[in-house]
Amino acid sequence: MQSNRRSPGNLHVAIIMDGNGRWAMGRGLPRFAGHRAGAESLRRIVETAPDCGIGVLTVYAFSSDNWKRPPEEVDALMELLACYLASETERCLTNGVRMSIIGRRDRLPDSLRAAIDAAECRTLHCNLLELRLAIDYSARDAILGASACAGGEHITRERFEELLGGTRPVDILIRTGGEQRLSDFLLWECAYAELIFTNRMWPDFGPFDLQRAIEQYAHRERRYGAIPPAPAAVHDHWLR
Ligand code: FPP
């Protein structure tokens, strides 16, 4: 049964799922065990996301710079991604989750490209949550690509965002694993994102941590460069 009758939340949350390797090595396991545990963690987060008011969830699964990793790790990640897409499709259909991929596809193995096509096509009609996996993704390359499409014409921000793939601005950017940087992820879309960094390694990041991040966000004041509305007396003072 599909739960598409619920309405989607309006938050766009982006996650840099960092710390898989350290999580595994801290347990005397190979790095790949951390990625496998990371995939499980993502499954749990996707299940919780709609209940947290999230309508779009974009996760960094493989950056264009991750090709620099040892070939065994890259191959294992490609295989894990293909398995994830194939094994999650049924669950996504049941839970109203639409899967889509951002990033370059031309350098991916055929098996992963086939898994992407199938997952995107089968879940196209789902509308409770949009799960966007960034694979072979670089924000700088995405911006360069959109600029090339614009072809030098003077365009609006709205048009540029369409060329970038029609993504909504990110409301909350979460990075696990203790580092505090953006690593070429959604640089345009994060212009006014609230940043939340946690020392928790990604495989340990659970639904409770997601809820806590949303609560932290709820206490932030988003001003977008403006000033907060002041009480009338203060306002009068500055106008005098
Ligand atoms: C960063 O951890 C994580 C990645 C480079 C890959 C992210 C992949 C997953 C969460 C698992 C697979 C995802 C899906 C969608 C199936 P790291 O290896 O850089 O960790 P470290 O900083 O501790 O070395």
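Worth saying up front: this structure is predicted, and the values here are computed from it rather than measured. Every number for a ligand or one of its atoms is a count from 1 in the order of the listing.
- Selection from Asp18, Leu85, Ile16 by nearest heavy atom to atom 22 (O) of ligand 1 gives Asp18.
- Shown here are the side-chain contact (heavy atoms from CB on, under 4.5 Å) partners of Asp51, two or more places apart in sequence or in another chain: Arg6.
- Near Ala61, meaning under 4.0 Å from any of its heavy atoms, are these atoms of ligand 1: 6 (C), 7 (C), 8 (C).
- Considering only non-hydrogen protein atoms, atom 4 (C) of ligand 1 sits nearest to His35 CE1, 4.0 Å.
- The contact set between ligand 1 and Arg22, taken as ligand atoms under 4.0 Å from a residue heavy atom, comprises 21 (P), 22 (O), 23 (O).
- Val97 is not listed as a side-chain neighbour of Cys126, based on a closest heavy-atom distance of 4.5 Å or more.
- For the pair Arg44 and Glu47, the salt-bridge criterion is not met [side-chain N within less than 4.0 Å of a carboxylate O].
- Look at Arg31 and you'll find a heavy atom under 4.0 Å from some atom of ligand 1.
- Between Arg31 and Arg69, some side-chain heavy-atom pair lies under the 4.5 Å cut-off.
- The shortest separation from a heavy atom of Arg69 to ligand 1 is under 4.0 Å, placing the residue in contact.
- Sorted by first and then second residue, the ring-ring contact (aromatic ring centres under 6.0 Å, His included) pairs involving residues 140-174 (not counting sequence neighbours) are Phe160-Trp188.
- Between Met99 and Arg122 the shortest side-chain heavy-atom distance does not fall below 4.5 Å.
- Residue contacts with ligand 1: Gly177 is excluded, as none of its non-hydrogen atoms falls under 4.0 Å.
- You'll find the side chain of Leu11 reaches within 4.5 Å of the side chain of Ile214, heavy atoms only.
- Of the listed options Thr176, Ile15, Leu81, Leu133, Leu81 places a heavy atom closest to atom 13 (C) of ligand 1.
- Ligand-side atoms of ligand 1 in range of Leu42: 15 (C), range being under 4.0 angstrom from any heavy atom.
- Within ligand 1, counting atoms from 1 as listed, the ones closer than 4.0 Å to a heavy atom of Ala39 are 11 (C), 16 (C).
- Residue contacts with ligand 1: Tyr84 is placed with no nitrogen or oxygen under 3.5 Å of a nitrogen or oxygen of the ligand (distance criterion only).
- Atom numbering of ligand 1 starts at 1 in the shown order; those under 4.0 Å from a heavy atom of Met17 are 1 (C), 2 (O), 3 (C), 10 (C).
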Evaluation steps, side-chain hydrogen bond (donor to acceptor under 3.5 Å, both in side chains), between Asp18 and Thr176:
CA-CA 5 Å; Asp18 197 12; Thr176 60; over 6 Å; no
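- At least one heavy atom of Trp202 sits closer than 4.0 Å to an atom of ligand 1.
- Some N or O of Asn20 is nearer than 3.5 Å to an N or O of ligand 1, by distance alone.
- The pair Arg132-Glu189 does not count as a salt bridge, with every side-chain nitrogen at least 4.0 angstrom from each carboxylate oxygen.
- Interface of Leu80 with ligand 1, defined as ligand atoms under 4.0 Å from a residue heavy atom, comprises 12 (C).
- On a distance-only criterion, Gly21 and ligand 1 share at least one N/O pair closer than 3.5 Å.
- Taking the side chain as every heavy atom from C-beta outward, Ile116 and Leu85 approach each other to under 4.5 Å.
- Numbered from 1 in the order shown, with element, the atoms of ligand 1 that lie under 4.0 Å from a heavy atom of Asn66 read 5 (C).
- Arg43 places a side-chain heavy atom less than 4.5 Å from the side chain of Ser87.
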